[in-house]
Amino acid sequence: MKQRENFGSKLGIIMATAGSALGLGNIYRFPCEAGANGGGAFLIVYLAIALVIGTPLMISEFVIGRRSHSNPIGAFRLLSGKRNVWPVVGYLGVLCAFLILAFYTTVAGWTLGYLGKSVANHFAGQDLGQIQAQFTAFTNHPWLPLLCQMLFLAMTAFVVARGVKNGIERWSKILMPMLLVIMVVLCVKSLTLSGAGDGLRFLFRPDFSKIDGHVLISALGQSFFSLSIGMGALITYGSYIGSKDNMTSSAVSVVLADTLVAVLAGVIIFPAAFTFGIQPEAGASLAFTTLPMIFQQMTGGYIFCLLFFLLLVIATLTSTISLLEVIVAALSEELQISRTKAAIVGALGTAVIGLLATLSFRDGSSLLVGGKTVFDLLDHLTASYFMPIGGLLIVLFVGWKMKRADVMDELTNGGSLRAGIRRGIYLIIRYLAPVAIGVIFVSQLVRL
Ligand code: PFF
């Protein structure tokens, strides 16, 4: 059998994992969640959840991946012994990756379309109403958003088919530094605008009165989505980590980088919004209407708009790569087919559901399930159910099903991690993380 590939270096692991984590979740979801849920207070809650639950869960996924050197389905099968139900967690993870990829590529396609629009200077001289009308026209166009989505899927499949080292690692190492440079340039621009003070106050001023159960749930959902945890993406990436690499420090670096980028996105968006007197709004309308509007009012707006959409395309591409990799690793190893074949099958399968998600965005679309668009349904199902349940089962598996000695062995990296830290992480995985996820998840169900 062909030897399984590994990442070539620790830097490669961090870049690829950060590539998976950094995405639309950071750049347009986080700033809005923070703005709506108490600014700085949300940030504190988010950081606490990312560190106390997110980091141990990420480490748990790496432990399962590296111990088994297998895709999520194979990993649970190998580590749990014969005749066990645990592989179901692997199947759920792969299904979750597939569902996320389907709706994520809808927006990914828009980012590509909007990169094209910014190159062609489509926003010049337009007011907010016209820019909003452009967005509606784009999402309702008979084939353009579908074509953009398919192109994005093809780019993703191209990179994934090339393999772990030559595809994923190589591209992450090129794209991630680009992303950081673009973010810094945009941040500097935003901070020199006159509304910088108001924008930063909106983002950072802690309003603790807003913190309630709902905010805890939002922060949990946001952290799982943003860190790509709870569904097997990082089990898959973990399976390519070599035995000498320190997974714990890699996980901490990725969590910090992910949070930093989310905060930087807020630092880019809010000062600009306040400078031009535009109410910061959530989600799609922010990235695809408010921001183009803001850019075209500022000096050098053409280039900053272009950089912003390039940033979105890059961040999104490294995330879709990790989602498709979950499917490709599972298909190629479980069915013994080549990566290229698996990438094509995975992308085509995703295309079918993905097209429905994109079509459901049209005005008057009848693609509704229980009053929700296919897009919203997939988003809600994965973020509110699949990921928290998957995350809970993953920490329970590492904390209670795997042998303690094996987990410790994975955590030490040949003795490089101090015993106290190792034990602390293990206790968090075994007790604190499952209880915290369980309590937050159940409180969400009770509120329904
Ligand atoms: N973490 C990505 C983001 O913040 O946009 C989304 C994501 C990517 C979720 C990969 C899950 C995943 F496996």
Side-chain angles (χ1 to χ4, degrees), residues 15-34 46 49-50 54 57-58 61-62 64-65 71-72 90 92-108 110-111 152-153 156 159-160 168 172 175-176 179 183 218-239 251 254-266 283-284 287 311-330 346 350 354 378-391 394:
M15 290 291 171
T17 312
S20 171
L22 305 180
L24 297 169
N26 305 64
I27 298 172
Y28 83 47
R29 200 162 183 265
F30 179 87
C32 300
E33 290 272 321
Y46 178 84
I49 290 188
L57 177 50
M58 190 179 283
E61 293 202 22
F62 281 166
I64 295 176
N71 70 84
L92 281 179
V94 177
L95 178 63
C96 181
F98 173 69
L99 298 177
I100 294 181
L101 188 58
F103 78 85
Y104 205 78
T105 46
T106 295
V107 185
W110 298 351
T111 64
F152 210 99
L153 258 175
T156 309
V159 174
V160 172
I168 300 173
S172 303
L175 295 174
M176 282 292 103
L179 177 135
M183 285 210 95
S218 312
L220 184 81
Q222 173 64 23
S223 68
F224 275 33
F225 189 78
S226 187
L227 295 171
S228 310
I229 48 182
M231 32 68 70
L234 301 189
I235 294 182
T236 310
Y237 275 12
S239 74
V254 171
V255 172
L256 292 179
D258 189 71
T259 310
L260 179 74
V261 166
V263 172
L264 284 184
L311 171 76
L312 275 187
V313 168
I314 291 173
T316 310
L317 180 61
T318 46
S319 296
T320 52
I321 287 172
S322 73
L323 286 162
L324 186 61
E325 175 59 21
V326 178
I327 302 168
V328 167
T350 308
L378 293 176
D379 184 6
H380 180 67
L381 260 183
T382 50
S384 305
Y385 296 96
F386 275 79
M387 292 174 118
I389 293 175
I394 287 168

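Read the numbers this way: they start at 1 and go in the same order the structure lists the ligands and their atoms. Residue indices begin at 1 and follow the sequence shown. Values below: all heavy atoms of this structure, side chains included; hydrogens, waters and symmetry mates excluded. Keep in mind that this is a model prediction, so the values were computed, not measured.
- In this structure the side chain of Thr111 reaches within 4.5 angstrom of the side chain of Leu24, judged on heavy atoms.
- Ligand-side atoms of ligand 1 in range of Ser20: 1 (N), 2 (C), 8 (C), 10 (C), range being under 4.0 angstrom from any heavy atom.
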task = Take Phe386 and Phe224, measure what side-chain contact (heavy atoms from CB on, under 4.5 Å) needs, and give me the verdict at the end.
result = CA-CA 10 Å; Phe386 275 79; Phe224 275 33; over 6 Å; no
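- Judged purely by atom type and a 3.5 angstrom limit, Tyr237 has no side-chain atom pairing as donor or acceptor with the backbone of Glu61.
- The closest side-chain heavy-atom distance from Ile27 to Leu312 is below 4.5 Å.
- Counting heavy atoms closer than 4.0 Å to ligand 1, residue Arg29 contributes nothing at all.
- In this structure, Ile100 and Met387 have side chains that are in contact, with non-hydrogen atoms separated by less than 4.5 Å.
- Inclusion of Tyr104 in the set of residues having an N or O under 3.5 Å from an N or O of ligand 1 is warranted.
- Of the candidates Ile321, Leu323, Val326, Ile327, Ile321 is the only one forming a side chain to side chain contact (heavy atoms under 4.5 Å, CB included) with Val160.
- Against a heavy-atom cut-off of under 4.0 Å, Ser322 is close to the following atoms of ligand 1: 10 (C).
- In terms of protein heavy-atom proximity, atom 12 (C) of ligand 1 is nearest to Leu323 CD2, 3.4 Å.
- Proximity of Ser228 to ligand 1, defined as any heavy-atom pair under 4.0 Å, is shared by backbone and side chain alike.
- For Phe225, a nitrogen or oxygen atom sits less than 3.5 Å from a nitrogen or oxygen atom of ligand 1, counting backbone and side chain alike.
- Of all atoms in ligand 1, numbered sequentially from 1 with element shown, those under 4.0 Å from a heavy atom of Leu24 are 5 (O).
- Below 3.5 Å of separation, one finds no N or O of Ala233 facing any N or O of ligand 1.
- The main-chain N or O of Asn26 is never found under 3.5 Å from a side-chain atom of Gln222 such that the two would form a donor-acceptor pair.
- The contact set between ligand 1 and Asn26, taken as ligand atoms under 4.0 Å from a residue heavy atom, comprises 4 (O).
- Inclusion of Gly25 in the set of residues having an N or O under 3.5 Å from an N or O of ligand 1 is warranted.
- Contact of the Ser226 side chain with the Tyr46 side chain is registered, since non-hydrogen atoms from C-beta on lie closer than 4.5 Å.
- In terms of modelled atom types and a separation under 3.5 Å, the side chain of Ser20 and the main chain of Ala16 share no donor-acceptor contact.
- The closest approach between any non-hydrogen atom of Ser226 and ligand 1 is below 4.0 Å.
- Note: an N/O pair closer than 3.5 Å links Ala21 and ligand 1 by distance alone.
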